[in-house]
Amino acid sequence: MSFPLLTATAALPAVGAVATAAVPAARRTAAKWLALVVSLATLALAITVLVRFDPGGARYQLTESHSWIKEFGVSYELGVDGIAVALIALTALLIPFIVLAGWHDADPLETGSRRWRPTQGFFALILAVEAMVIISFEATDVFLFYIFFEAMLIPMYFLIGGFGDRAHEHGESAASTQRSYAAVKFLLYNLVGGLIMLAAVIGLYVVAGNFSLTEIAQARANGSLHMATSTERWLFLGFFFAFAVKAPLWPLHTWLPNAMQESTAPVAVLITAVIDKVGTFAMLRFCLQLFPGASKWATPVILALALVSILYGALLAVGQRDIKRLIAYASISHFGFIIMGIFAMTSQGQSGATLYMVNHGISTAALMLIAGFLISRRGSRLIADYGGVQKVAPVLAGTFLIAGLSTLSLPGLAPFVSEFLVLVGTFTRHPAIGIIATFGIVLAALYTLVLYQRTMTGPVKPEVSAMPDLRVRELAVVAPLIVLLVFLGVYPKPVTDIVNPAVKQTMSDVHQTDPKPEVEAAK
């Protein structure tokens, strides 16, 4: 029996979470180092998955299959395609930076405070989330995917509610109330989506007789499984609703700004750069593959919602006073681009959407973590409380500028390539949607440059005059992310070579081909 590499990649952070939680209370530093070592070992396993994956090989590789609940057709089935491999690598890459960036976020509060923050629990919860996200990307059994899709809400609830941002203008009591509100809102929104999906999962079993993604998709392709049009559409809506909440897509997005505002910067990165990707990934893996007819039927409405997300998120980002809420609304706009690319039903759109998931994860992680370092120095999230930072902390300001420029998709930085592919892929089939969506780029330039101008330029405010620049640990977090943004902006081929074969297979699932140009090239 070959080594179960996919199981090991998900199990290692899970075991690490238990071990980190078991470290004695007085040995907080040991818990931090254990979490960091486990996250780096998980990254090594993810790189091994990446190396062993053959983009030109079978659709699902490194597969594992074991009977689990035989009476109900539930199996422990794992397998990865190019899209899953890219997102597993992204997740495993970001977790060590999240651990490093949050090195002191769960330390005991200041002397005199009655509240203590269990450091071991903070890092254990981060590793638990990593394990659940990775196995969600690997699962090819619908029920197995559903279990971890929902289970990841539990550690995230405690990370948001129990380890919130210390920078709050209304004091500790108000901060605790706001954290509780944000955590409950996050949990309720996603639980409602999950319950609706559970009904759809049960309905799928009634129709198909099992939960195996590969078996159901193959049966649908060869005609041995017939699904009535109305049934397919209802099941699609049940799955899509849950994924749209997680993504998040307008109007199911309202939990995200609260959750990111009240979380520590590393937890905010965990939400928008890791957790939310499960929603958009699942649209590609489950919605399009299991319900191709319903996916095409719902495309016009989904594209309209994605367009609203792009413009709505960008417009609200322009008017934000809070740095974290601005980044949250910017992410809503970016997820609109990702969903638009998925449902453009073109190879350029879906390749761009998949690449966007990776690039958005890196760019948002860089921007949010640098913003977190900035906020921890000043003790405020309000944009108006800053000014002239580039004169006292030039490295912090410079990296903040590069990360900000990546979020507006400046050519030469990673998100540009993915956003360009999404717009091209959308325009070839839905030109009006593609044209209107470009206004999101203009608004992105506005909110990014205004944020930088108000915080980093101008006269130095007295409160920031003694602000230190990035420290060694913080540079170790920021520098690799900046390098990746530049590298993938200049040379995205390593990622596109992995995801393009999977995108072609997804296009085949929905029986779509790229539109031919209306004007042929001159001979």
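Just so it is clear, the structure is predicted and the values come from calculations on it, not from any experiment.
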*Asks:* Nearest 0.5 Å, what's the CD1-CG distance between Ile433 and Leu423?
*Replies:* 11.5 Å
*Asks:* Look only at the side chain of Thr20 and the backbone of Gln120, and say whether a donor-acceptor pair between them is shorter than 3.5 Å.
*Replies:*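 Side chain of Thr20 to backbone of Gln120, a donor-acceptor pair under 3.5 Å: no, none is there.
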*Asks:* Indicate yes or no for a side-chain donor-acceptor contact from Ser351 to the backbone of Gln348 under 3.5 Å, with no hydrogens or angles considered.
*Replies:*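 Flag not set: sc Ser351 to bb Gln348 has no pair under 3.5 Å.
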*Asks:* Over all heavy atoms of both residues, which pair between Gly440 and Ala314 is shortest? Give the atoms and the distance, please.
*Replies:* O-CB, 4.4 Å
*Asks:* Would you say the side chain of Met260 lies within less than 4.5 Å of the side chain of Val267, judging by non-hydrogen atoms?
*Replies:*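 The answer is no; the side chains never approach within 4.5 Å.
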*Asks:* Measuring from atom CD of Glu130 to atom CG of Leu270, what distance do you get when rounded to the nearest 0.5 angstrom?
*Replies:*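 Here the rounded value is 9.0 Å.
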*Asks:* Are more than 12 heavy atoms from other residues, nucleotides or ligands located less than 6.0 Å from atom CZ of Phe158?
*Replies:* no
*Asks:* Between Ala183 and Tyr157, which heavy-atom pair has the shortest distance, and what is it?
*Replies:* O-CD1, 3.5 Å
*Asks:* Just by distance, do the side chain of Trp255 and the backbone of Leu188 share a donor-acceptor pair under 3.5 Å?
*Replies:* no
*Asks:* Measure from NZ or CZ of Lys32 to the centre of the six-membered ring of Phe123, then state whether that distance is under 6.0 Å and the direction lies within 45° of the axis.
*Replies:*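 No, Lys32 does not lie over the aromatic ring of Phe123.
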*Asks:* In sequence, state the C-alpha distance, the side-chain angles, and the governing distance for Ser212 and Asp141, and then conclude on side chain to side chain donor-acceptor pair (under 3.5 Å).
*Replies:* CA-CA 5 Å; Ser212 173; Asp141 182 276; 5.9 Å; no
*Asks:* Given 3.5 Å as the limit, does a donor-acceptor pair link the side chain of Ser263 with the main chain of Ala259, or not?
*Replies:*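 Side chain of Ser263 to backbone of Ala259, a donor-acceptor pair under 3.5 Å: yes, one is there.
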*Asks:* I want to check something: taking the side chain as every heavy atom from C-beta on, are His226 and Thr231 in contact at a cut-off of under 4.5 Å?
*Replies:* no
*Asks:* Is there a donor-acceptor pair under 3.5 Å between the side chain of Thr346 and the backbone N or O of Gly425?
*Replies:* yes
*Asks:* Which heavy-atom pair separates Ala86 from Val358 by the least distance, and what is that distance?
*Replies:* CB-CG2, 4.1 Å
*Asks:* So, Ser333 side chain and Ile310 main chain: donor-acceptor pair closer than 3.5 Å or not?
*Replies:* yes
*Asks:* Indicate yes or no: at least one non-hydrogen side-chain atom of Leu153 is less than 4.5 angstrom from one of Phe186.
*Replies:*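 Yes. Closest side-chain heavy atoms under 4.5 Å.
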*Asks:* Go through Leu213 and Leu290 one step at a time and tell me if the side chain to side chain contact (heavy atoms under 4.5 Å, CB included) criterion holds.
*Replies:* CA-CA 8 Å; Leu213 172 67; Leu290 291 175; 3.6 Å; yes
*Asks:* Within the distance-only criterion (no hydrogens, no angle test), does the side chain of Glu232 pair as donor or acceptor with the backbone N or O of Ala294 below 3.5 angstrom?
*Replies:* yes
*Asks:* When rounded to the nearest 0.5 angstrom, what distance separates CD1 in Ile338 from OG1 in Thr280?
*Replies:* 5.0 Å
*Asks:* Between Ile88 and Glu138, is there a side-chain heavy-atom distance shorter than 4.5 Å?
*Replies:*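 The answer is yes; the side chains approach within 4.5 Å.
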*Asks:* Test side chain to side chain contact (heavy atoms under 4.5 Å, CB included) on Ile339 and Met283; report intermediate values, then the result.
*Replies:* CA-CA 8 Å; Ile339 296 170; Met283 292 178 189; 3.9 Å; yes
*Asks:* Only one of Thr48, Ile135, Ile134 passes side chain to side chain contact (heavy atoms under 4.5 Å, CB included) with Thr9; say which it is.
*Replies:*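 For Thr9, the side chain to side chain contact (heavy atoms under 4.5 Å, CB included) test succeeds with only one of Thr48, Ile135, Ile134, which is Ile134.
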*Asks:* Got a second to check how far Ser136's OG is from Leu87's CG, nearest 0.5 Å?
*Replies:* 11.5 Å
*Asks:* If you measure only the distance, is there a donor-acceptor pair under 3.5 Å linking the side chains of Tyr189 and Thr254?
*Replies:* yes
*Asks:* Applying side chain to side chain donor-acceptor pair (under 3.5 Å) to Glu64 and Thr7, what does each step give before you reach the verdict?
*Replies:* CA-CA 8 Å; Glu64 302 173 30; Thr7 294; 2.4 Å; yes
*Asks:* Counting only heavy atoms not in Trp297 (residues, nucleotides, ligands), do more than 12 fall under 6.0 Å from its CH2?
*Replies:*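 Yes, the 6.0 Å shell around CH2 holds more than 12 heavy atoms from other groups.
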*Asks:* Go through Thr364 and His360 one step at a time and tell me if the side chain to side chain donor-acceptor pair (under 3.5 Å) criterion holds.
*Replies:* CA-CA 6 Å; Thr364 299; His360 173 266; 3.0 Å; yes
*Asks:* Restricting to non-hydrogen atoms, name the atom on Arg285 and the atom on Val80 that form the minimum distance, rounded to 0.1 Å.
*Replies:* NH2-CA, 4.2 Å
*Asks:* Which residue is it: Tyr205, Tyr146, Tyr76, Phe286? I am looking for the one with a ring pair (Phe, Tyr, Trp, His ring centres under 6.0 Å) to Phe211.
*Replies:*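 Only one of Tyr205, Tyr146, Tyr76, Phe286 forms a ring pair (Phe, Tyr, Trp, His ring centres under 6.0 Å) with Phe211, namely Tyr205.
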*Asks:* Answer whether the closest heavy-atom distance between the side chains of Leu93 and Leu484 falls below 4.5 Å.
*Replies:*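 Yes. Closest side-chain heavy atoms under 4.5 Å.
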*Asks:* Assess the residue pair Gln350 and Met345 against the criterion (side chain to side chain contact (heavy atoms under 4.5 Å, CB included)); give the C-alpha distance rounded to whole Å, side-chain angles, the decisive distance to 0.1 Å, and a yes or no.
*Replies:* CA-CA 7 Å; Gln350 292 187 358; Met345 300 296 182; 4.2 Å; yes
*Asks:* Given side chains that start at C-beta, do those of Ile271 and Asp276 come closer than 4.5 Å, heavy atoms only?
*Replies:* yes
*Asks:* Of all the heavy-atom pairs spanning Pro415 and Ser418, show the shortest one and how long it is.
*Replies:* O-OG, 2.9 Å
*Asks:* Rounded to the nearest 0.5 Å, what's the gap from CE on Met132 to CE on Met156? Could you check?
*Replies:*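 Rounded to the nearest 0.5 Å, the CE-CE separation comes out at 11.5 Å.
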*Asks:* Flag the pair His253 / Phe335 as yes when their ring centroid distance falls below 6.0 Å, and as no otherwise.
*Replies:* no
*Asks:* Any donor-acceptor pair under 3.5 Å linking the side chain of Ser309 with the backbone of Trp250?
*Replies:*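 Present.
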*Asks:* Going by the ring pair (Phe, Tyr, Trp, His ring centres under 6.0 Å) test, name the single residue among Phe149, Phe148, Phe143 that passes it with Phe145.
*Replies:*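 So, applying the ring pair (Phe, Tyr, Trp, His ring centres under 6.0 Å) to Phe145 and each of Phe149, Phe148, Phe143, only Phe149 qualifies.
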*Asks:* Going from CD1 on Ile83 to CD1 on Ile498, what distance comes out if it is rounded to the nearest 0.5 angstrom?
*Replies:*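 The CD1 atom of Ile83 sits 11.5 Å away from the CD1 atom of Ile498.
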*Asks:* Determine whether more than 12 heavy atoms belonging to other residues, nucleotides or ligands lie under 6.0 Å from atom NZ of Lys185.
*Replies:* yes
*Asks:* Going by ring pair (Phe, Tyr, Trp, His ring centres under 6.0 Å), Trp103 matches just one of Phe122, Trp33, Phe97. Which one?
*Replies:*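 Output: one option passes, namely Trp33.
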*Asks:* So, the side chain of Asn359 versus the backbone of Ala414: is there a donor-acceptor pair under 3.5 Å, distance only?
*Replies:*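 A pair under 3.5 Å: yes.
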*Asks:* Ignoring hydrogens and geometry beyond distance, is a side-chain donor-acceptor pair present between Ser75 and Ser67 at under 3.5 Å?
*Replies:* no
*Asks:* Quick one: are the ring centres of Phe343 and Phe240 less than 6.0 Å apart?
*Replies:*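 So the answer is yes for these two rings.
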*Asks:* Answer whether the closest heavy-atom distance between the side chains of His334 and Thr407 falls below 4.5 Å.
*Replies:* yes
*Asks:* Taking side chain as C-beta onward, heavy atoms only, is Thr354 less than 4.5 Å from Phe281?
*Replies:* no
*Asks:* Evaluate Leu12 against Leu45 for side chain to side chain contact (heavy atoms under 4.5 Å, CB included), listing each step before the verdict.
*Replies:* CA-CA 9 Å; Leu12 179 58; Leu45 286 177; 3.9 Å; yes
*Asks:* Counting only N and O atoms by type, is there a donor-acceptor contact under 3.5 Å from the side chain of Arg52 to the main-chain atoms of Leu5?
*Replies:*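 Judged by distance alone, no pair lies under 3.5 Å.
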